[in-house]
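One structure below.
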Amino acid sequence: MKNTNINRRRFIQLSALAGGALTVGCIPTSDGKEQAINLASLSDEAGFPLNQFIKITEDGTITLFTHRPEMGQGTFQSMPMILAEELEVNINTVKIEQSIADRDLYGSQMVVGSRSVQSEYHKLRKMGAAAREMLVQAAAQQWGVDAKTCFAKNAQVFHKDSENKIAYGALVQAASKLSAPQNPYLKPVSEFKVIGQPIDRQDIPLKTNGEAIFGLDMQVEGMLHASVERSPVFLGKIKSFNEAEVLKMPGVKAVVKTKRNVWGHEREGVAVVAETYWQAYKGRKALKVKWDNQDLEKNSTESLFEAYKEDAKKTGDSLHKDGNVAPIFEKAENIVEATYEMPYQSHVPMEPMNAIVHVEKDRVRYWGATQNPNGVRSQLMRQFDMPAEKVGINYTFMGGGFGRRSQTDMVEEAADISKQVNAPVKVIWTREDDQTQGPFRASQINTLRGVLGENGEIAALEHKIVAQEIRNQTGDDMTAGRQLMGGVNTDYQIPNFSVKGVLQKNYVPISYWRAVYHSTNPFAHESFIDELAHKAGKDPLDFRLSMVKRHPKFEPALKLVAEKANWYEKAKAGTAKGVAICERSGGYFAMVCEVKQEGEKIRPIKITTAIDLGICINPDTVKAQTEGSIVMGLTAAYAGLTIKNGAIVEQNFNTYPLLRYHECPEIETHIIPSADDPAGAGETGLPTVAPALANAIFNLTGERIRRLPLDKMNIIAG
Amino acid sequence: MATINFTINGKKASLEDVDPEMPLLWAIRDNLGLTGTKFSCGIAQCGACTIHVDGAAIRSCVYPISAAEGKEITTIEGLSENNDHPVQKAWIEAQVPQCGYCQTGQIMAAAALLKENPNPSDEEIEATMGSVLCRCGTYPRIKKAMSQLVKK
């Protein structure tokens, strides 16, 4: 990286524009060499940046910058759609480019928790609107008329009282010299023309001809390749390895110890560095590493669950409390009780982890696929004591993320190797590495107790969660935090309700996984609500309706899904339906799953959803995300990880079966129209999948599913 | 070490001094710089690395380069000139890709199937498309695209 202060032209005219969301509105021109080949360089020739999101050239070319990485969630298109709406341009004729990574310019660029559209909606509208007002102002000045008599439409400014019109391209030079309005006029939702339309995504054609560039596809001049053998029991320490032998192999340049930190645990590995990936991989296969695995090999799924079950007897820390459950349980004659078990899960993005890092004396550069470009920069700044401007971040499309790429351990490791061999190094994880090293989705045990009142309503409910907590995996603090109760529905109108947590700590690394604790707790919660409905002799959907009366989101969603899924019709022979509801990232889902007995097997044949996500920027993307969440939720219901001799058993797709094409049920998504601010769409469909499926299986067979994955119980073979 | 000659996307290629055991995938990606073909499982379970060898879909992650001698290879880059192969057009029409990483494999598998049999049965489609994994869950849209292609 050259001196970025010299290379950057900063336009400060949008200071304070976004009301605190951005402190500086400006645009850099970056060193073109820093950019990945499919990424925008904001530095190209002529072009007038109206702010860091919008650039227009005099020939009328409009470029909108999308500032969050794309992993399939569709923000590449949906964020510029928000800009285009207020800017009054046609999204199909503008250029969309990925912005550079720069926290000062853009704020957080991390893509997690389905937050991008949700958190950036107002900011992007303001940016689009401010640029539009600057263009209108420039036209008004040119015509010598009041800006109030002018309006913008389809990339032109018109004068109401005359035939005058002028294209944006002819206005940008003047407009870019104006100061930005602090409170630009925002359109009423009723006038939206772009937002709310199912518009084709500009990144899709790149993904049908091999043009889209992912982290794995990056090449850097002079780069070496590394394949790393890591401890199968996560925390094993290296005792010795056959360095001399492996060094003799073709193309092998170095065999070095490496390390990375995963949520407070230092993890070790041995890296074989070679001229090509294949040489590095072959060298790695010839490695013989002796590990000090302490006593970690004694761990198994069974031993871990035994510890969880023992701890489930503890009172636990209070995470949520309505009314007082204790006196009800004391007096109750019949307490309904159930325990649910869920396994660890891998993220399994189709693109395995990888990173290229080049550590030099006075700078560090990264190329790769990350959900967290700011976090990668911070990691490298910390690791090498470098200021931000000496750390170059080049991020690409991601071949899936699902939370795994929010972590930076793969970058730390590649950087550590690069530093040792004094060259740019590309580390590619094998599928087995990706699958078995974690960090994983948490495994947990949830115990629920409930008491029904005289009229079959829930008089008291207690939900206890026994699990590891992502943000508290090491150290002595054994207090369960509220993070643990994600996905436990607190909107049900239950007079006495308590949620408790019993924190677990063990050596298995966990992290964020699509929907996080919303991917686990709702299986227990919504299954148990179903159990209570059946105990009360009530229809499970009506039972839920009675507890969400007048709830502005859940009640309409449940009613709509009942109608669309023909809930009240008599089931055809050999079929049954189950229902579940959940809120995630501000979005509300009601889901009905229909299952069918086919010989020995039970298959989900149709999943119907009714969803309220506020205003949907691109309803087609919302549907795609819902379909994707459901498919991932089904895999998580069918497959899971087990631990034997301290290590993960399921190493690849032959033992960790992802849902396949012919196993995918019909999916019907019904979006409830709304003008409310957008909620997150990327995960919201996942939490309800397992409970809706399990509840359907109960309705079909009378057998209650209390343990996932299902394949281990021979109920469904995928 | 060996020298291997083959045709790729209509052009002659000669790779010298390569490990004959190296999977064709790495030759395509690293030696020839065609990165549209993807690595994912390495054991022929997911189909992300699907290419055509003499017109048939194969998994390049387990296909040793020595077996490519004299063969005609097509990768996603060579499927069409302008992203306008009927499968590519149907994929765009149905807005199939999310992350896009597996879609090379999906498209190459579908193209090989339809070339061999323009009117495959549902079972034949399931056998082919069921062999390519997608973690994003684009299956409902792949189904839509396939039904458009088979109808035509």
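Below, read A as the first sequence line, B as the second, and so on, with proteins coming before strands; counting in each chain starts at 1. Hydrogens, waters and symmetry mates play no part in the numbers below; they use all other heavy atoms, side chains included.
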Shorter than 4.5 Å, heavy atoms on both sides: which option in D30(B), I43(B), V96(B) has the most such pairs with chain A?
I43(B)
Which of the residues P97(B), C46(B), G100(B) is involved in the greatest number of heavy-atom pairs with chain A at under 4.5 angstrom?
P97(B)
Against chain B, work out which of W429(A), Y281(A), F653(A) has the most heavy-atom pairs shorter than 4.5 Å and name it.
F653(A)
If we ignore angles and hydrogens, is there a donor and acceptor under 3.5 Å between the side chains of E70(A) and Q77(A)?
no
Please state whether the side chain, the backbone, both or neither of M350(A) comes within less than 4.5 Å of a heavy atom of chain B.
both
Flag for S116(A)-R68(A): side-chain donor and acceptor within less than 3.5 Å
yes
Between K143(B) and chain A, with a heavy-atom cut-off of 4.5 Å, which part of the residue counts as in contact: side chain, backbone, both or neither?
both
Angle class for the H347(A)/W513(A) ring planes (parallel below 30°, perpendicular above 60°, tilted otherwise)?
tilted
Per-residue tally against chain A (heavy atom, under 4.5 Å) across R29(B), Q95(B), M1(B), E93(B) peaks at Q95(B)
Using a 4.5 angstrom heavy-atom cutoff, name the option from V631(A), N209(A), T635(A) with the most pairs to chain B.
N209(A)
Pick from Q106(B), M108(B), Q88(B) with the largest number of heavy-atom pairs that fall under 4.5 Å of chain A:
Q88(B)
Can you tell which of H85(B), K89(B), K38(B) has the highest number of heavy-atom pairs within less than 4.5 Å of chain A?
K38(B)
Any side-chain heavy-atom pair from D434(A) and S346(A) closer than 4.5 angstrom?
no
Pairs of heavy atoms under 4.5 Å with chain B: top-ranked of K623(A), E666(A), K282(A)
K282(A)
Assess, by modelled atom type and distance only, whether the side chains of E124(B) and N117(B) contain a donor and an acceptor separated by less than 3.5 Å.
yes
What part of L634(A) gets within 4.5 angstrom of chain B, counting heavy atoms only: side chain, backbone, both, or neither?
neither
Which bit of L658(A) comes within less than 4.5 Å of chain B, counting heavy atoms only: side chain, backbone, both or neither?
both
Contacts of F76(A) meeting ring-ring contact (aromatic ring centres under 6.0 Å, His included) (sequence neighbours excluded), chain-then-number -> F397(A)
What option among G400(A), G628(A), P349(A) has the most heavy-atom pairs under 4.5 Å with chain B?
G628(A)
Are there residues of residues 55-81 of chain B that reach to under 4.5 Å of chain A by heavy atoms, and which ones?
I76(B), E77(B)
Residues of residues 15-26 of chain B near chain A, each having a heavy atom less than 4.5 Å away
D19(B), E21(B), M22(B), P23(B), W26(B)
Winner by heavy-atom pair count (cut-off under 4.5 Å) against chain B, out of D203(A), L206(A), L216(A)
L216(A)
Q219(A), part contacting chain B, at a heavy-atom distance under 4.5 Å
side chain
With chain B, which of P665(A), P657(A), G251(A), A624(A) has the greatest number of heavy-atom pairs at distances under 4.5 Å?
A624(A)
Taking 4.5 Å as the heavy-atom cut-off, does anything in residues 131-141 of chain B contact chain A, and if so which residues?
S131(B), V132(B), L133(B), R135(B), C136(B), G137(B), Y139(B), P140(B), R141(B)
